[in-house]
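Within every chain, numbering begins at 1; the chains are lettered A, B, ... in the order of the sequence lines, protein sequences first and strands thereafter. Being a predicted model, the structure only gives us computed values, none of them experimental.
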Amino acid sequence: MNTAAGPLIVQSDRTVLLEVAHPDAEDARHDLAVFAELERAPEHIHTYRITRLGLWNARAAGHTAENMLATLEKYSKFDIPQSVIVDIGETVGRYGRLVIERDDTGTLILRSTDAAVLSEIVRAKRIAPLLFLPDDQKGRGPAIDRYEIQAWARGQVKQELVKLGWPAEDLAGYTPGTPHEIALDEREWSLREYQNQAVSSFVDGGSGVVVLPCGAGKTLVGAGAMATVKTTTLILVTNTVSARQWRSELLRRTSLTEDEIGEYSGQVKEVKPVTIATYQILTAKRKGEYAHLALLNALDWGLVIYDEVHLLPAPVFKLTAELQARRRLGLTATLVREDGREGDVFSLIGPKRFDAPWKEIEAQGFISPASCFEVRIDLPQQERLEYAASADDERYRLAATAPAKLSVVKELVKKHEGERILVIGQYLDQIDMLAEALGAPKLTGSTPIEERERLYQEFRDGVTKILVVSKVANFSVDLPEATVAIQVSGSFGSRQEEAQRLGRLLRPKESGLPANFYTLVARDTVDQDFAQNRQRFLAEQGYSYTILDSDNLAA
DNA sequence: AACCGCGCAA
DNA sequence: GGTAGTGCGCGGTT
């Protein structure tokens, strides 16, 4: 019997309740995050779920079932249900029971020491056609211990195995790629300790994902990986702004020169030893066929880097299934998706090789401390009636764009007078309205590039203190001195959007001011439900939302 | 050949 | 169940 009154309650349905106010809550959260995912994060009790993917990621990172059970034991208020103990042991034990490797002739092999597992999976309809029985195994019946994998099916097999619940450990190695001399130019700076750790965990693991908070230098982890494996590299990015940023960062931080870095996009089609391409060029079709597949084999890439891997579009998963012989590094601040394809990231890019909780990087001073607030706003009677009478598909917009949010925005702006403030919204009408009411410039997708640059620059210089922005500002915008963000609306339940928006505030401030993130929510509407979901990722990282009433923002 | 505006896709 | 932003390719003009 565990008599210490810990902050956790482990339940037989694999959920874990965390008592937020408990003195050990943050330590428990830190250890629990290794293998469990935060499901709900209201004020007092947070609910985590122990998921298969969480357990396998932890296992791939070298944690054992015993470690994980020890975490639960240490912080649990009561005995851990027997079923959970057994379940964790069994699930963790499923990882690596199957191994993909090569035999002496280089043929891909799926091997297991457990014949029962092999015979189970080979009966699955979607896997059977990808495997075949080598001659020397024929007639061995239940003693079969390996199958050959069709060379092109390495990724597909891994994908299907994860779906079946038997993730394979891929030890079949990688093509070295064409060697290319790349070194970090560390005369005036050096990789931070966590960046070094991320690089070596990735290189040791072979392929996989590195998770670091916004502004913590993910590009440098990519550069570090390139400088370690020293091979021709294909870098895939979400947009051209980010392509240019990679390029200039690589020029500044590595031995690479202009001649060695190419851009492959809609506008420019260069193939150089280091090539930066957009995801979209890979998915672009001409006459029904992918038009730029040749890029994937244009050079013998030894490394493929996936920037913002949480945004990987569906067709790129498909292409990646066929790239399994090349080392793959995924980079992201928010390894969450709302489309349930985390399993595909796991099987096709690789397991999570490194992550640093945001609060740890904050404690080391590399990102700014931040406080999060949820401001609840009562709709006036008239609007409540209108809301109640509306169809489901109109409700979110009604609640999210409630005019009552304006006076709260004004109050918050006043409270933070003199600071650099971003007002972030999802609907263009709402943005127009806010910009006008605040007398502040607005920035949306239709703002021409030069004007965006000008507005961002004025904001950095402090000529402009308030900027009203749409989704354009979710990514790739560097506004170091912004200390306040007021989110008036956002896309439904997007966890990664919420995190990216807070991310805008996390550059350490010369002013020394802390960051404040406000999200405005219409009380008792779907707005409030979506807000709950949106907050989960940040809550998992240890950010707690203080709930304020719109009547009393000081509280 | 360079530059645009437009429709489409995911 | 939804809005907005993005990049690509095409077909137009200069």
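Salt-bridge formation is detected for the pair A/Asp478/A/Arg507: a Lys NZ or Arg NE/NH1/NH2 atom is positioned less than 4.0 Å from an Asp or Glu carboxylate oxygen.
Side-chain contact, A/His180 with A/Glu260: a donor N or O sits under 3.5 Å from an acceptor N or O.
For the pair A/Glu338 CD and C/dG1 P, the computed distance is 16 Å after rounding to whole Å. For the pair A/Asn474 CG and C/dT3 P, the interatomic distance rounds to 17 Å; values are reported in whole Å. The interatomic distance linking A/Ile449 (CD1) with B/dC4 (C1') rounds to 14 Å, in whole Å. Rounded to whole Å, the distance from CG on A/Asp392 to P on C/dG1 is 9 Å. Spacing between atom CD1 of A/Ile276 and atom C1' of C/dG7 amounts to 16 Å, rounded to whole angstrom units. The distance between atom CD of A/Gln430 and atom P of C/dG2, rounded to the nearest whole Å, is 18 Å. Protein atom CG of A/Leu311 is 13 Å distant from nucleotide atom P of C/dT6, rounded to whole Å. Between the CD atom of A/Glu394 and the P atom of C/dG2 there is a distance of 10 Å, given to the nearest Å.
Along DNA chain C, the nucleotide nearest to A/Arg397 and the one nearest to A/Thr238 differ in position, and the one closer to the 5' end is contacted by A/Arg397.
The side chain of A/Ala314 lies closest to B/dA10, out of B/dA10, C/dG5, C/dT6. For A/Lys471, the side-chain atoms get nearest to C/dT3 when compared with the rest of B/dA10, C/dT3, C/dG2.
Base engagement by A/Phe492 is indicated by at least one non-hydrogen atom pair under 4.0 Å involving a base atom. Counting non-hydrogen atoms under 4.0 angstrom, A/Phe530 reaches a base of the nucleic acid. Residue contacts for A/Ser446: at a heavy-atom cut-off of 4.0 Å it reaches no nucleic acid atom on any strand shown. Using a 4.0 Å heavy-atom criterion, one finds that A/Arg341 contacts no nucleic acid atom at all.
Panel note: side chain A/Arg341, backbone A/Arg337; no donor-acceptor pair is recorded below 3.5 Å. With hydrogens and angles ignored, the 3.5 Å screen pairs a side-chain donor or acceptor of A/Glu338 with a backbone N or O of A/Arg495.
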Discussion item. Base contacts versus sugar-phosphate-only contacts with protein, heavy atoms under 4.0 Å: please encode nucleotides 8-14 of chain C as B, S and - from 5' to 3'.
Written reply: SSS----
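Listed by first and then second residue, the salt bridge (charged side-chain N to carboxylate O under 4.0 Å, His left out) pairs involving residues 397-417 of chain A are A/Arg397-A/Asp429, A/Lys405-A/Asp527 (not counting sequence neighbours).
When A/Glu498, A/Glu37, A/Glu497 are each tested for a salt bridge (Lys or Arg N to Asp or Glu O under 4.0 Å) with A/Arg536, only one passes: A/Glu37.
The aromatic ring centres of A/Tyr174 and A/Trp301 sit 6.0 Å or more apart.
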